[in-house]
Chemist: 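Below are the structure tokens for one structure; questions will follow.
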Amino acid sequence: MDSYLPLGLVNSLKKMDHFDSDAFQHIHDSGEQLVSVHLNIEKPILRNDIWSTEKAYPPFGLAGKVPWASDAYYLRSRPSFTLDPLFHAGAYYVQEASGMFVSFALKHIADLRHKLKVLDLCAAPGGKSTLIQSLISQESLLLSNEVIKTRVPVLTQNLTKWGRANGFVSNNDPSHFRRIPGFFDIILIDAPCSGSGLYRKDPEAASSWSTELVKLCNQRQQRILSDVWDCLKEDGFLIYSTCSYSKEENEDILDFLFNQYSCKTVALTPDPLWNIIETQSDFAQAFGYRFYPYKLSGEGFFLSVIQKKQTAVTEKSNQYSIGNQAKHGRATKSGKNSLAISKSAEKQIGEWICPDTLEYISIEDSIHALMPDLMSDLELLKNNLYLKKAGVRVGKAGERDWIPDHELALANFLRYDSPALHVSKSDALDFLRGNPFNTHLPAKGWHTVCFQGQRLGWVKLLDKRMNNYYPKSWRIRQ
Ligand code: SAM
């Protein structure tokens, strides 16, 4: 049988000693498909231990753990995620297993209990951002950036579903990050690439492979790295990854970095039983980690960690650190869009959110909740970047009463005693379609719609009817 794999790709990979071209061809021709998810451990369903390997949540059968990631599982088959309300509640994210190695790298390089500032530069649709959110502390900051405007909504949606109050989304070109030198402790660059690692999932994509494409990707990757190098703190870590097999997009990129900047390679000691291949670049001998589908349960992936070395003392003054940030009170009063919130807003918010856990800020006509201490970061980020999301939008004042925001329904900090309608799966799906449903209507007012303890969104109950506030652009059509 003729393989759909580009001959040029296979021939270029044969130059690497570890590469087994027969096994590579065979696994691609087998048509085997893997499905994996990682769980949002802060959602109540997980706290209540409904999910676990022993008690698999229908309609899934769990087929074992992804060894290099926390709370991540393979599924026995691919269910209809669209028809699972828990998918829409953000209880889990469907993510390719090899890419979850970011989780292992992050744990290896940082004490995740500390307050960290993390940038996910090429973030849409948000798989790795949700993974990072699950690992970093609540006090840490995650900025998820996406340069392509049309891909920002899906990123924002996925992070909204994840429900944390320490995340920001921006829509900037990598070069704009030069404006905030030394700001981040960790940067993930999950770079745009030729995508050969995903050909088993999408064989048709293989027809677009060419040596010119690989060259083009290599140049773009170099440009992206040069653009963001300055905004990494000294001693900070850069995690570089691709889903390409090509050395030009992986080890050669590490050599480019070492040639341009002062950096150190980081060895990640994965368990030998995982069958991840460790490589070293030609010149700097920088470590890289390669995933081949014939060696492990995952698609093609490459990851490397580089630490930025300290340079001259004079450059250090450019760096932002916790020590030189301005102190803020409960809500910042500076800036055109940033006003302290009113007493009535504070009272209403108290009914939805446990007090004293968050700080609030008015942006345009809405109140947003952020983890304390992130206010000064918000000021800095919004003065330098095009922010599309900051923390969690809580709600806004309507003509008569307060209108809670959809983001609040999905937030992990919404009070558990706030009014809720607990519904069946078929009512939950009706709600997600934007329809009314047949549940008995208790009291009037705002209620979250809950399926298996997970909030999906808001309804407002009136005398004999309900208004469905599930956002139009999120509604399911099946
Ligand atoms: N990290 C994402 C995840 O785990 O869900 C996947 C990221 S995907 C491999 C690469 C991303 O880079 C895409 O979202 C793409 O829009 C973005 N991108 C494309 N060209 C870019 C450029 N020139 N600079 C920065 N990002 C770019």
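Residue numbers start at 1 and run along the sequence shown. Start at 1 and go down the list; that is how both ligands and their atoms are numbered.
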Chemist: Strictly below 4.0 Å, N to O, side chains only: are Asp20 and Lys295 in salt-bridge contact?
Modeler: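 No salt bridge links Asp20 with Lys295.
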
Chemist: Asn172: which residues meet the side chain to side chain contact (heavy atoms under 4.5 Å, CB included) condition with it, sequence neighbours left out?
Modeler: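 Checked Asn172 against side chain to side chain contact (heavy atoms under 4.5 Å, CB included); matches are Asn145, Ser170, His176, Phe177, Arg179, Leu385, Tyr386.
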
Chemist: Output yes when Arg393 and Glu364 qualify as a salt bridge under the 4.0 Å nitrogen-oxygen rule, no when they do not.
Modeler: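 A salt bridge is absent here (no side-chain N lies under 4.0 Å from a carboxylate O).
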
Chemist: Which protein residues have a heavy atom under 4.0 Å from ligand 1?
Modeler: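 The answer is Cys122, Ala123, Ala124, Pro125, Gly126, Gly127, Lys128, Glu146, Val147, Ile148, Arg151, Pro174, Asp190, Ala191, Pro192, Arg220, Ile224, counting any residue whose heavy atom sits under 4.0 Å from ligand 1.
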
Chemist: Does Tyr73 have its ring centroid less than 6.0 Å away from the ring centroid of Tyr92?
Modeler: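 No - the distance between ring centres of Tyr73 and Tyr92 does not fall below the 6.0 Å cut-off.
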
Chemist: Looking at residues at least two apart in the chain, or sitting in another chain, which of them share a side chain to side chain donor-acceptor pair (under 3.5 Å) with Gln280?
Modeler: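 By the side chain to side chain donor-acceptor pair (under 3.5 Å) rule, Gln280 matches no residue at all.
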
Chemist: Applying side chain to side chain contact (heavy atoms under 4.5 Å, CB included), name anything that partners Asp202, two or more places apart in sequence or on another chain.
Modeler: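 Expected list: Glu204, Ala205.
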
